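Note sheet for the following structure.
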There are 2 protein chains.
Amino acid sequence: MKLKILYSFLKADIELIEKELENAIQSHSPLLNGASLHLIQAGGKRIRPVFVLLAAKFGQYDIERIKDVAVALELIHMASLVHDDVIDDAELRRGKPTIKAQWNNKVAMYTGDYIFARSLEYITNIEDAQAHQILSSTMVELSIGEIVQIKDKYRYEQNLREYLRRIKRKTALLIAASCQLGAIAAGAEEEVHRKLYQFGYYVGMAFQITDDILDFTATEKELGKPAGDDLRQGNITLPVLYAMENKALRSKIIKVTEHSTKNEMEEIIRLIKSTDAIERSHILSKKYLVKALNILEELPVNRAKKSLKDVATFIGKRKY
Amino acid sequence: MKLKILYSFLKADIELIEKELENAIQSHSPLLNGASLHLIQAGGKRIRPVFVLLAAKFGQYDIERIKDVAVALELIHMASLVHDDVIDDAELRRGKPTIKAQWNNKVAMYTGDYIFARSLEYITNIEDAQAHQILSSTMVELSIGEIVQIKDKYRYEQNLREYLRRIKRKTALLIAASCQLGAIAAGAEEEVHRKLYQFGYYVGMAFQITDDILDFTATEKELGKPAGDDLRQGNITLPVLYAMENKALRSKIIKVTEHSTKNEMEEIIRLIKSTDAIERSHILSKKYLVKALNILEELPVNRAKKSLKDVATFIGKRKY
C-alpha cells in the first residue's frame with residue numbers, strides 16, 4: 001500500500017506544496033539550482049508537510065495560510081539531510097547520488113545553508129509569535145543533535161537513553177513541531193495543538209526506530225542505499241544497542257568501520273538479525289506508536305484524525 | 001587609534017552584548033561549547049552590533065529591545081565565518097586556529113549550523129514583521145553569495161561587476177541590514193531607516209574593499225594569517241583584478257594555487273604592490289565612503305551621527 005492513499009483528500013494541496021518547494025529553491029546560480037533541484041527531485045515522503053496539513057484540519061483550514069508552514073518545515077528537513085550526508089559521508093540517498101557525492105562537501109554545505117535560509121523566508125510569513133519560538137528552539141535542538149551525532153559515532157558504550165535523545169533531536173522534534181505548527185497556523189486551541197505536538201513526538205520516535213530497523217531488514221533496492229550503512233558509518237542505532245548485549249556479537253560489531261566490505265557487512269547484518277534485536281526494536285517502536293494513538297483518542301473526531309491514525313500505523317508497519 | 005574610542009559612550013552596552021554572545025552559545029555539548037567559545041574569544045571588531053546600536057540612536061534607544069537584534073546579527077556573521085573557513089580551507093583567523101583547523105570540517109559545519117540556529121532564537125524576539133523580511137532575505141543573499149564564491153574561485157576572467165556583487169553579498173548587505181534593523185527596532189521613521197540601510201551598504205562595500213587591500217599591504221602579524229592568503233585560496237579580489245590588467249603579471253597570478261610557497265606569494269605580492277592596483281582599489285573604496293558620508297549628511301544631527309561618520313572614516317583608513 002502507498003502512503004499517499006491515506007491522505008488522498010489532500011492530493012491537490014500536497015501537489016501545491018510540491019510546486020512551491022520547487023519555486024522556493026530557484027536562484028540565479030546554476031550550481032545552486034542544480035544541487036537543490038536534484039534534492040527536490042529525489043523526492044521523499046513529504047511527511048512533515050502531510051502532518052502540517054492534517055493537523056491544520058483541527059482548526060480553520062486555509063491552505064494559503066498553512067502552506068508556508070508546510071514548505072518551511074520540509075525545507076528545514078531537506079537542509080538538514082544535505083548536511084547529514086556530509087557528516088555520514090553518504091554516497092546515496094533514495095537511490096540517487098547525494099549532493100556531496102555528485103558535487104562535493106563544500107557545495108553540500110552551502111546548498112544546505114541556502115535551503116535553510118530559504119526556509120526562513122517562508123517562516124517570515126507566519127504571523128504567530130509562538131510559532132516562531134517553537135521553530136527556532138526546534139532548530140537549535142536539531143543542530144545540537146547534529147553535533148552530538150558526530151560525538152556519538154563509533155562510541156559503543158552509549159546507552160538506550162542517549163540513543164533516544166539523539167533520535168528525538170534528529171527526527172521526533174521536527175515532526176512534533178510540524179503537527180503543532182499546522183494546528184497553530186490554523187488557529188486551533190492550545191489544548192489541541194499541544195496534544196498534536198505530543199502525538200507528533202511519539203510518531204516521530206516510532207518513525208525513526210522503524211527507519212533504524214529497516215537499515216538491517218530492507219533490501220538495498222528498497223533503501224536506495226546499501227543495507228547496514230548506518231552501522232558502517234558508526235551510527236549506533238537501537239538494533240545495534242540490543243545486539244551488543246550479546247558479548248560475542250559485540251566484539252564483532254565494534255570492529256566495523258567505514259572500510260568494512262560488503263561481505264563483512266552482510267555477515268554482521270545476518271548475525272544481528274539472528275538475535276532478538278530486531279524484534280525488541282519493533283516492540284519499542286510499537287510502544288511509542290500506542291502512545292501516539294492514545295493521544296489521538298483525546299482529540300475531536302474529523303477526517304484528518306482518521307488519516308493521522310492511518311499514517312501513524314503505516315509508519316509502524318512500513319517496509320521502506 | 002583604536003576603533004573603540006569612536007563609540008566609547010556605548011561601552012556598557014557593547015559589554016552587555018559581549019556577555020550575551022557568550023550566553024547565546026552555551027549548550028550541554030562540551031564539543032559545541034568548546035568550538036563556539038573558541039570563536040567568540042577570537043574576538044573581532046563587533047562592527048555589526050556597533051552599527052545596530054548607533055543606528056538605534058536615531059529612534060527611541062532602549063538597549064533591552066535592541067540587544068537581541070545586535071546579538072542575532074553578530075551570530076549570523078560568526079556562523080557565516082565558520083562556514084567560510086571551511087570553503088577557504090583557512091587555518092588561521094585573527095591569529096588563532098580556525099574551528100575547521102582545530103577540530104575538522106564537519107565540526108565546523110555543525111558549529112556554524114548551531115550558531116545560525118541560535119541567532120534565530122534572538123530574531124524570534126523581534127516583533128517587527130518588516131525586520132523579519134529584511135533579515136531572511138539578507139540571509140538568502142548571504143548564502144547565494146557563499147555558493148557564488150565557490151564558483152568564482154580561480155576564475156580569472158571575472159570582471160569588476162562580479163567582484164562588486166560578490167562583496168555586496170559577502171559583507172555589505174549584512175552591515176546595511178545591521179544599520180536598518182537597529183533603527184527599525186528603535187522605531188525610527190521609514191525615511192531614516194532606509195537611509196541608514198544605504199549608509200550601511202556603502203560602508204560595507206568600502207569595508208570589504210579595504211579588507212581585500214589589507215590582504216596585500218598588511219603584515220602577517222596584523223592580519224593574523226599569512227598575507228596574500230585570499231589570492232592563494234583563489235579569491236579574486238579588487239587589487240588582483242586591477243593587477244591582472246598587466247598581461248605579464250596576469251600570467252604569473254593565474255599560476256597561483258593553494259600550494260604556492262611563501263616565497264612565491266611574497267614575490268606576487270611585491271609585483272602587485274608595484275602596480276597601481278592598490279592605489280586604484282583605495283580610490284574605489286573611498287568613492288563608496290564618500291557616498292556613505294553624503295547620505296549621513298541627510299540624517300538628523302545627534303551623537304551617534306558623529307560616531308557613524310568616525311567609524312566610516314576609520315574603516316577607510318584602517319591598517320588591520
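Within every chain, numbering begins at 1; the chains are lettered A, B, ... in the order of the sequence lines, protein sequences first and strands thereafter. Being a predicted model, the structure only gives us computed values, none of them experimental. Reckoned from all heavy atoms, side chains included, excluding hydrogens, waters and symmetry mates.
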Open item on the list: Check this for me, if you would: do B:Lys225 and B:Asp230 make a salt bridge, where the nitrogen-to-carboxylate-oxygen distance has to be below 4.0 angstrom?
Closed with: yes

Open item on the list: Whether the side chain of A:His132 engages the backbone of A:Ile126 through a donor-acceptor N/O pair (distance < 3.5 Å, no angle test) should be reported.
Closed with: yes

Task: CE-OG distance between A:Met109 and B:Ser143, expressed to the nearest 0.5 angstrom - done: 11.0 Å

- [ ] Go through the atoms of B:Ile150 and report whether side chain, backbone, both or neither lie under 4.5 Å from a heavy atom of chain A.
- [x] side chain

TODO: Would you mind telling me which of A:Lys151, A:Glu121, A:Met139 has the largest number of heavy-atom pairs within less than 4.5 Å of chain B?
DONE: A:Glu121

- [ ] Flag the one option from B:Tyr110, B:Tyr122, B:Tyr114 with the top tally of heavy-atom pairs under 4.5 Å to chain A.
- [x] B:Tyr110

TODO: Determine whether A:Asp212 and A:Ile167 make a side-chain contact, defined as any pair of heavy atoms from C-beta on separated by less than 4.5 Å.
DONE: yes

TODO: Go through the atoms of B:Asn33 and report whether side chain, backbone, both or neither lie under 4.5 Å from a heavy atom of chain A.
DONE: neither

- [ ] Sort out for me which of B:Glu127, B:Arg118, B:His83 touches chain A most, counting heavy-atom pairs under 4.5 Å.
- [x] B:His83

- [ ] Just give me the residue among A:Ala117, A:Ser136, A:Ala129 that pairs up with chain B most often, heavy atom to heavy atom, under 4.5 Å.
- [x] A:Ser136

- [ ] Determine the option with the most heavy-atom pairs under 4.5 angstrom with chain B, choosing from A:Asn125, A:Ile144, A:Leu142.
- [x] A:Ile144

Task: Interface moiety of B:Ser119 toward chain A, non-hydrogen atoms closer than 4.5 Å - done: neither

Open item on the list: With chain B as the partner, which of A:Val148, A:Val140, A:Leu120, A:Ile115 has the greatest number of non-hydrogen pairs under 4.5 Å?
Closed with: A:Val140

- [ ] Indicate yes or no: at least one non-hydrogen side-chain atom of A:Ser178 is less than 4.5 angstrom from one of A:His77.
- [x] no

Open item on the list: Looking at every non-hydrogen atom in both residues, tell me the closest pair between B:Ala56 and B:Ala186 and how far apart they are.
Closed with: O-CB, 3.3 Å

TODO: Determine, for A:Lys19 against A:Glu22, whether the closest basic-nitrogen to carboxylate-oxygen distance falls under 4.0 angstrom.
DONE: no

